[in-house]
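Structure first, commentary second.
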Amino acid sequence: MYALHNFDKADFLANYWQKKPRVIKQGLVNFVDPLDEHILAGLSQEGEVDSRIIHRLDSRWDVAHGPFIDINQHCVGAWTLLVQSVDQYVPEAEALLRSFDFIPHWRMDDLMVSFSNEGGGVGPHLDQYDVFIVQGKGARRWQVGLPDSYKASRPHPDLGQIEDFTPVIDQVLYPGDIVYIPANHPHNGIATGECLNYSVGFRAPSQQEMLSALADFASDENLLNERYQGQVLAPRDKSAELSQTDTEEFRALLHRAIDSPAFTQWLPRFLSQSLYQDADGSEEELSAAEVEEYFASGQILYRTLGVKPVWVKTSEKDSIEFYVEGQAFSCPHSEDALLNDLLCQPYFDPKERNNSHLSPHFNQLVSTLISSGYWYFE
Ligand code: SIN
Ligand code: CO
């Protein structure tokens, strides 16, 4: 439904990704908004949805957090309503996110959607994540600068901004235009009238986050049990001293943890955890034979919104392993092509493969995925 145009993916990744900001004029030609401000406002009233309204009135900034009962109460002065993870709620929004699938989806975080009135914006700021911002209906002036040591300001406890920056991009974007902003590049978007923006945000997990998740996994699975031994020990006359050799022995112990098979087991589980809330197990329990019947009758299998499976291909094992929300699944190598379709596309239709006969093993796998709530027949 959405496809990138006027855009050379290889050139972008080689010359701009993580390096330079860039505007892609009409990156999405004839752009149709995947939702409108009324749907966005409706989402911001839901308890499980993360939303904010940032407004500025007489140069005073204010931030209100959803869920909102009376949204109009906060829409004063110049304001922006921002809603996170809209791809988990609106299929068309997920389709927009999918048009950026030339970057692995385990690098993607979510689609954040904002609606602003004239003059609305969140002020000049830095983000720690790369982002593509797609202009939806209306228009917005985007200014983007280069990394530097900018003076931070906090006009409200929940709003981090920076003081001025010199833009290297200063353009008004119209529907279908895209601006790419690498992490730590200052930017500021000011709506020139009512407008919608779609931010495709990327994940950049920190060492802190990863080490703590790895430690949780190791303790759940009873892995990484090697203990410090301290093999190099000579009589000491300074009993309080921690020598460089001692430090290196501890460092080597932790290096061995990172180099161990436990790390390889943990990483795809960690990267496949993308939902902000647990998928509900399905009410529908289908046997492999019933799955076969559904496919034979022309039914299409859909991936639950927000699910981002991670597939690990290794020739050392006799099956392909994949992970959904941290859970491991496997499938024989003979199903490689089917699995590719299943995991990389938002829906799976055997008719499109000219092959409505699927192996019992594949149908059994589908049945398990349905009962976990990760795929469904409509
Ligand atoms: C927005 O207001 O839609 C974008 C926020 C941002 O600049 O990150
Ligand atoms: Co930003």
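First listed ligand is number 1; within each ligand, the first listed atom is number 1. Residue numbers run from 1 in the order of the sequence given.
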I need the contact type for [X] against ligand 1. Using non-hydrogen atoms and a strict under-4.0 Å cut-off, is it side chain, backbone, both or neither?
{"X": "Leu82", "answer": "side chain"}
{"X": "Gln135", "answer": "neither"}
{"X": "Asn188", "answer": "neither"}

Heavy-atom contact under 4.0 Å between Trp142 and ligand 1?
yes
Considering only N, O or S atoms of [X], the one closest to the Co ion (ligand 2):
{"X": "His187", "result": "NE2"}
{"X": "His125", "result": "NE2"}
{"X": "Asp127", "result": "OD2"}

Looking at Arg236 and Asp246, is any side-chain nitrogen of the basic one under 4.0 Å from a carboxylate oxygen of the acidic one?
yes
Is a salt bridge present between Asp109 and Arg203, judged by a nitrogen-to-oxygen distance below 4.0 Å?
no
Distance filter under 4.0 Å to [X] heavy atoms, resulting ligand 1 atoms:
{"X": "Asp127", "result": "8 (O)"}
{"X": "Asn197", "result": "3 (O)"}
{"X": "His187", "result": "6 (C), 7 (O), 8 (O)"}

Could you label the plane-to-plane angle of the [X] and [Y] rings as parallel, tilted or perpendicular, counting under 30° as parallel and over 60° as perpendicular?
{"X": "Phe377", "Y": "Phe295", "result": "perpendicular"}
{"X": "Phe68", "Y": "His74", "result": "tilted"}
{"X": "Phe132", "Y": "Phe7", "result": "perpendicular"}

Starting from atom 3 (O) of ligand 1, locate the nearest protein heavy atom and write down its residue, its atom name and how far away it is, to 0.1 Å.
Ser114 OG, 2.5 Å
For atom 7 (O) of ligand 1, find the nearest protein heavy atom and state the residue, atom name and distance (0.1 Å precision).
His125 CE1, 3.0 Å
Backbone of Gly326 reached by a side-chain donor or acceptor of Ser272 within 3.5 Å
yes
Distance flag, aromatic centroids of Tyr180 and Tyr16, threshold under 6.0 Å:
no
Give me the one residue out of Phe348, Tyr302, Tyr347 that meets ring-ring contact (aromatic ring centres under 6.0 Å, His included) with Tyr376.
Tyr302
